[in-house]
Amino acid sequence: WSPTDSLSNATIRNPLANPSFTTTYTLTVTDGNSCFDTDNVLITVNDTPTVNLVSSDFNNIICEGDSITFTATGPVGTQFQFFVNNIPQGAVSTTNTLTTDALGVGSRAIKVEGTFNGCTVTTQALNVTVNALTPVSILNPTQTTYTTETDTVILVGDPAGGVFSGPGIVNDVFFVNLVGLGGPYTISYTYTNANGCESVITHDIEIRDVSAILLDEAYCNDAADVVLANSDVPNSPGLGISPATHQLVRLQNITNGTGI
């Protein structure tokens, strides 16, 4: 066999060839009468494709739920397979992007395999850190309805240190007179943790005229007190309502009518 430099043994029938470029090997066979013959075999060596991987985030540190896009580049026609922590993402295809908002909290290694002309190359992994969001809640208000007789509502969020925003809000206080009747008005509480990740929770409030709060049944005026146990408008005095609790309708105090 010749050339011999990329063969395991040039004098045997079936040597192993390891050419670094396309090579034609010639086999020469000579018998005992010094008669010989030759034949050729062409080994085509395709170039290993150059495949690169980048992300849409400048430092690959994101927050839980954030969307991030990974983009692979390679020769036209390259087949790509993305991996997250060595788990394949989708099928092999010519699609060169992976967009996800579900990497999960923790460290994630993203890489891609690119195959072109039968040759496959794997990129180095991009290490992405996903920081957790902080659970948040709104401690006050707990009600969803207030009347026009309410002046202000103090807003309290947990953990402390966040920011309230929305219509009628000034310095963590909701001012009824700034929004008026209607709604729902959406109050948002945003908390940013030490890693810069923002958690947001919302609460809706409606403002009603006190005269619009009605009993939904008819009662006799000598009936027992009606307890407004499910009322979402406490502290709303009206005709017949006990000033002590604002949740007892003393029907004996109402001569006629339906409004309270």
Fill in the blank from the handout: Smallest heavy-atom separation, Val130 atom then Gly104 atom, equals CB-O, 3.1 Å

Practice task
Could you tell me whether Leu16 atom CG has more than 12 heavy atoms of other residues or ligands within 6.0 Å of it?
Solution key: no

Exercise for the section: Apply the side chain to side chain donor-acceptor pair (under 3.5 Å) test between Asp204 and each candidate in Thr186, Thr145, Thr144; give the one that qualifies. Expected result: Thr186

Handout entry: Where Ile138 and Thr202 come nearest, the two heavy atoms and their spacing
Key = CD1-C, 4.1 Å

Exercise for the section: Examine the side chains of Asp101 and Ser67 and answer whether a donor and an acceptor come within less than 3.5 Å of each other. Expected result: no

Problem - Residue pairs, two or more places apart or on separate chains, that pass disulfide bond (SG atoms under 2.5 Å apart) and touch residues 24-96 - result: Cys63-Cys197

Practice task
Report yes or no: does Asn46 contribute a side-chain atom to a donor-acceptor pair with the main-chain N or O of Asn117 at less than 3.5 Å?
Solution key: yes

Practice task
List the atom of Thr78, the atom of Gly74, and the distance in Å for their closest heavy-atom pair.
Solution key: OG1-C, 3.7 Å

Practice task
Kindly work out whether a path of hydrophobic side-chain contacts (I/L/V/M/F/W/Y, heavy atoms less than 4.5 Å apart) joins Val128 to Val105.
Solution key: no

Exercise for the section: Establish, from distance only, whether the side-chain atoms of Thr24 and Asn40 form a donor-acceptor pair under 3.5 Å. Expected result: no

Handout entry: Pairs involving residues 147-200, ordered by first then second residue, that meet ring pair (Phe, Tyr, Trp, His ring centres under 6.0 Å) (sequence neighbours left out)
Key = Phe164-Tyr189

Practice task
Mark yes or no for whether Ser93, through its side chain, and Thr95, through its backbone, hold a donor-acceptor pair below 3.5 Å.
Solution key: yes

Exercise for the section: Determine whether Asp37 and Val29 make a side-chain contact, defined as any pair of heavy atoms from C-beta on separated by less than 4.5 Å. Expected result: no

Practice task
Determine whether Phe83 and Leu126 fall in the same hydrophobic cluster, where Ile, Leu, Val, Met, Phe, Trp and Tyr are linked whenever their side-chain heavy atoms lie under 4.5 Å apart.
Solution key: no

Completion exercise
Distance col, row Glu64:CD vs Leu133:CG, nearest 0.5 angstrom, shows 4.5 Å

Practice task
Evaluate the side-chain contact (heavy atoms from CB on, under 4.5 Å) criterion for residues Asn193 and Glu198: first the C-alpha distance (whole Å), next the side-chain angles of each, then the deciding distance (0.1 Å), finally the verdict.
Solution key: CA-CA 7 Å; Asn193 64 22; Glu198 288 188 352; over 6 Å; no

Exercise for the section: Answer yes if Val179 and Ile205 sit in the same cluster of Ile, Leu, Val, Met, Phe, Trp and Tyr residues linked by side chain heavy atoms under 4.5 Å apart, and no otherwise. Expected result: yes

Exercise for the section: Please round to the nearest 0.5 Å and tell me the distance separating atom CD of Glu113 and atom OG1 of Thr122. Expected result: 4.0 Å

Problem - Co-membership, hydrophobic cluster, residues Val121 and Ile110, 4.5 Å side-chain - result: yes

Problem - Shared hydrophobic cluster for Ile61 and Val54 (ILVMFWY, side-chain gaps under 4.5 Å) - result: no

Handout entry: His203 side-chain N/O to Leu139 backbone N/O, donor-acceptor pair under 3.5 Å
Key = no

Handout entry: Asp39, Thr4, Leu7 screened by side chain to side chain contact (heavy atoms under 4.5 Å, CB included) with Tyr25, the one that passes
Key = Leu7

Problem - Side-chain heavy-atom pair Trp1, Pro15 within 4.5 angstrom cut-off - result: yes

Handout entry: CA sep, side-chain torsions, deciding dist, call: Leu178, Val170, side-chain contact (heavy atoms from CB on, under 4.5 Å)
Key = CA-CA 10 Å; Leu178 293 181; Val170 179; 4.1 Å; yes

Fill in the blank from the handout: Scanning both residues in full, the closest heavy-atom pair of Gln81 with Pro88 reads NE2-CB, 3.8 Å

Handout entry: Ser55 and Asp57 side chains, donor-acceptor separation under 3.5 Å
Key = no

Exercise for the section: Show your working on side-chain contact (heavy atoms from CB on, under 4.5 Å) between Tyr146 and Val153 and close with a plain yes or no. Expected result: CA-CA 9 Å; Tyr146 288 87; Val153 179; 3.6 Å; yes

Practice task
Measure from the side-chain N and O atoms of Glu206 to the backbone N and O of Gly183, and report whether any donor-acceptor pair falls under 3.5 Å.
Solution key: no

Fill in the blank from the handout: For Thr44 and Thr22, the nearest pair of non-hydrogen atoms, with its separation, is CA-OG1, 3.7 Å

Problem - pair Ile68-Leu103: side-chain heavy atoms closer than 4.5 Å - result: yes

Practice task
Verify, without hydrogens or angle tests, whether Thr23 (side chain) and Phe21 (backbone) share a donor-acceptor contact under 3.5 angstrom.
Solution key: yes

Exercise for the section: Return the minimal non-hydrogen interatomic distance between Asn96 and Phe82, and the atom names on each side. Expected result: O-CZ, 3.5 Å

Practice task
Determine whether Asn177 and Asp151 make a side-chain contact, defined as any pair of heavy atoms from C-beta on separated by less than 4.5 Å.
Solution key: no

Handout entry: Asp47 CG: over 12 foreign heavy atoms closer than 6.0 Å
Key = no

Problem - Close side-chain approach of Pro159 to Thr134, heavy-atom, < 4.5 Å - result: yes

Exercise for the section: Please lay out, stage by stage, how Thr148 and Arg208 fare under the test side-chain contact (heavy atoms from CB on, under 4.5 Å). Expected result: CA-CA 6 Å; Thr148 50; Arg208 300 178 186 174; over 6 Å; no

Practice task
Check whether any side-chain heavy atom of Leu53 lies under 4.5 Å from a side-chain heavy atom of Phe70, and answer yes or no.
Solution key: yes

Practice task
Determine yes or no for a side-chain-to-main-chain donor-acceptor pair under 3.5 angstrom, with Thr147 supplying the side chain and Glu149 the backbone.
Solution key: yes

Completion exercise
Rounded to the nearest 0.5 Å, the OG1 atom of Thr100 sits from the CZ atom of Arg108 at a distance of 10.5 Å

Exercise for the section: Compare all side-chain heavy atoms of Ile154 with those of Val173 and state whether any distance is below 4.5 angstrom. Expected result: yes

Exercise for the section: Any chance you could measure Asn127, atom CG, to Ser107, atom OG, to the nearest 0.5 Å? Expected result: 5.5 Å

Practice task
Look only at the side chain of Asn85 and the backbone of Ile87, and say whether a donor-acceptor pair between them is shorter than 3.5 Å.
Solution key: no

Handout entry: Side chains of Ile62 and Thr129 in contact at under 4.5 Å (non-hydrogen atoms)
Key = no

